[in-house]
Amino acid sequence: LAPPFDRHTTPRRERACLAVRRRVCIAWPTQSAMAERFGFETGKLVMSQFRSRTRIGRKKRLLEEAEKILRSGAVEQPKWFNALRAVPPTSVQSAMRPRQIVYPEDKLIRAYYNRDPSAKFVPADLASTEMHHVRAFARRQLKVMKRKGIPENEALLVVEAEAALENTRAAAAEKAGLAFARSLTSAHQLPTNYLEQIQEEEELAWRATKSAKALDTATRKKRAQDAANESTRLSEREKKGKAVVTDTDAEKGKREARSAEATV
């Protein structure tokens, strides 16, 4: 507390400052004390509490917002809060748009796939704990660049030579029936004429579709011809039936005329 003062001898501005200092500073109660006093349960500090309800994506300072939320006493202090307060973040983070994680070798990986697009079709072994050969290639290139102080294109030639030597040793080990651990290359070898193979498969599929369409068209034509022949045969049968009926009636009339003449 501030020392007592005489209102008649102390200046007005100093009296105001001393009055403020004499106020009792009440510290924020702990979460357990708030729970015991007011009878409610404390919650957990989650990321949704840092998001703005008025302006979506507004950037906030994580430490300040966490302290503001914890002062309410309704949220339990997380275990990482002391570490955050000891080493506060240097930049303002957005709760709605987190920063993208970028590794130094990502640029070299994109360049690798641009040089060899067929490498995207190489299957990856998800059960393996080894690093993917493309990332290992990019990391080796980055290491050569840093160690020798050479540009990207020169380091690429060095690592490509190492990869070619690794392929040669792997082929020799395979012929000898020995195991060989690869790092810069893949054990799965795609055909060199991969595009030609795709075109051949598409050509075969197109021919099969064309043959199926031709067979369907021929079947429809045959059915139409058979229907036309059946219709012609039925019409001819009907004509013959009418002719036979007409002849029978004429003969009957002649017989009746003969019998009448004989009677006379």
Side-chain angles (χ1 to χ4, degrees), residues 56 96-97 100 106-138 156 160 163-164 166-264:
I56 298 178
M96 297 295 293
R97 296 180 181 178
Q100 185 179 4
D106 288 349
K107 178 182 177 182
L108 301 178
I109 292 176
R110 288 193 296 268
Y112 186 98
Y113 285 122
N114 290 335
R115 291 191 307 270
D116 186 11
S118 62
K120 298 179 181 180
F121 298 97
V122 177
D125 188 3
L126 300 181
S128 176
T129 57
E130 300 294 333
M131 187 185 305
H132 194 268
H133 71 282
V134 178
R135 185 170 293 276
F137 188 97
L156 174 62
E160 283 182 346
E166 181 180 291
N167 267 331
T168 304
R169 292 179 178 176
E174 185 178 357
K175 289 182 180 179
L178 302 176
F180 186 84
R182 294 173 177 264
S183 60
L184 302 178
T185 57
S186 175
H188 301 276
Q189 300 295 330
L190 294 176
T192 54
N193 55 347
Y194 196 74
L195 295 179
E196 295 180 0
Q197 181 180 355
I198 294 176
Q199 291 178 356
E200 183 178 355
E201 292 177 355
E202 291 180 351
E203 183 72 18
L204 292 176
W206 177 78
R207 289 180 180 178
T209 305
K210 186 177 180 180
S211 301
K213 289 183 178 180
L215 181 61
D216 188 21
T217 302
T219 303
R220 290 181 179 180
K221 287 183 178 180
K222 185 178 180 180
R223 289 178 180 176
Q225 185 67 29
D226 293 342
N229 294 338
E230 183 69 17
S231 177
T232 303
R233 188 173 62 83
L234 291 176
S235 62
E236 290 179 355
R237 180 182 295 179
E238 290 178 357
K239 290 180 180 179
K240 288 181 179 180
K242 291 180 179 179
V244 170
V245 171
T246 304
D247 294 341
T248 304
D249 294 341
E251 292 178 357
K252 185 177 180 181
K254 288 181 180 179
R255 287 195 299 271
E256 290 178 354
R258 290 175 184 174
S259 61
E261 290 177 359
T263 304
V264 173

Which heavy atom of [X] sits nearest a heavy atom of [Y], and at what distance?
| X | Y | result |
| --- | --- | --- |
| Ser183 | Ala136 | O-CB, 3.2 Å |
| Ser186 | Arg182 | O-NH1, 3.6 Å |
| Ala138 | Ile109 | CB-CG1, 3.6 Å |
| Tyr112 | Ala119 | CE2-CB, 3.9 Å |
| Thr219 | Leu215 | OG1-O, 2.8 Å |
| His133 | Val122 | CE1-CG1, 4.2 Å |

For the pair Arg233 and Glu236, find out whether any cationic side-chain nitrogen is under 4.0 Å from an anionic carboxylate oxygen.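 Looking at Glu236 together with Arg233, the answer is no, because their closest N to O distance does not fall below 4.0 Å.
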
So, Arg110 and Asp106, do they make that salt bridge, N to O below 4.0 Å?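 Here Arg110 does not pair with Asp106 in a salt bridge, since their nearest N and O are not under 4.0 Å apart.
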
[atom1] ([X]) with more than 12 external heavy atoms under 6.0 Å:
| X | atom1 | result |
| --- | --- | --- |
| Arg207 | CZ | no |
| Glu130 | CD | no |
| Glu160 | CD | yes |
| Arg220 | CZ | no |

Begin from the C-alpha positions of Arg169 and Glu166 and carry the test salt bridge (Lys or Arg N to Asp or Glu O under 4.0 Å) through to its verdict. CA-CA 5 Å; Arg169 292 179 178 176; Glu166 181 180 291; over 6 Å; no

Could you walk me through whether Trp206 and Glu202 pass the side-chain contact (heavy atoms from CB on, under 4.5 Å) test, one step at a time? CA-CA 6 Å; Trp206 177 78; Glu202 291 180 351; over 6 Å; no

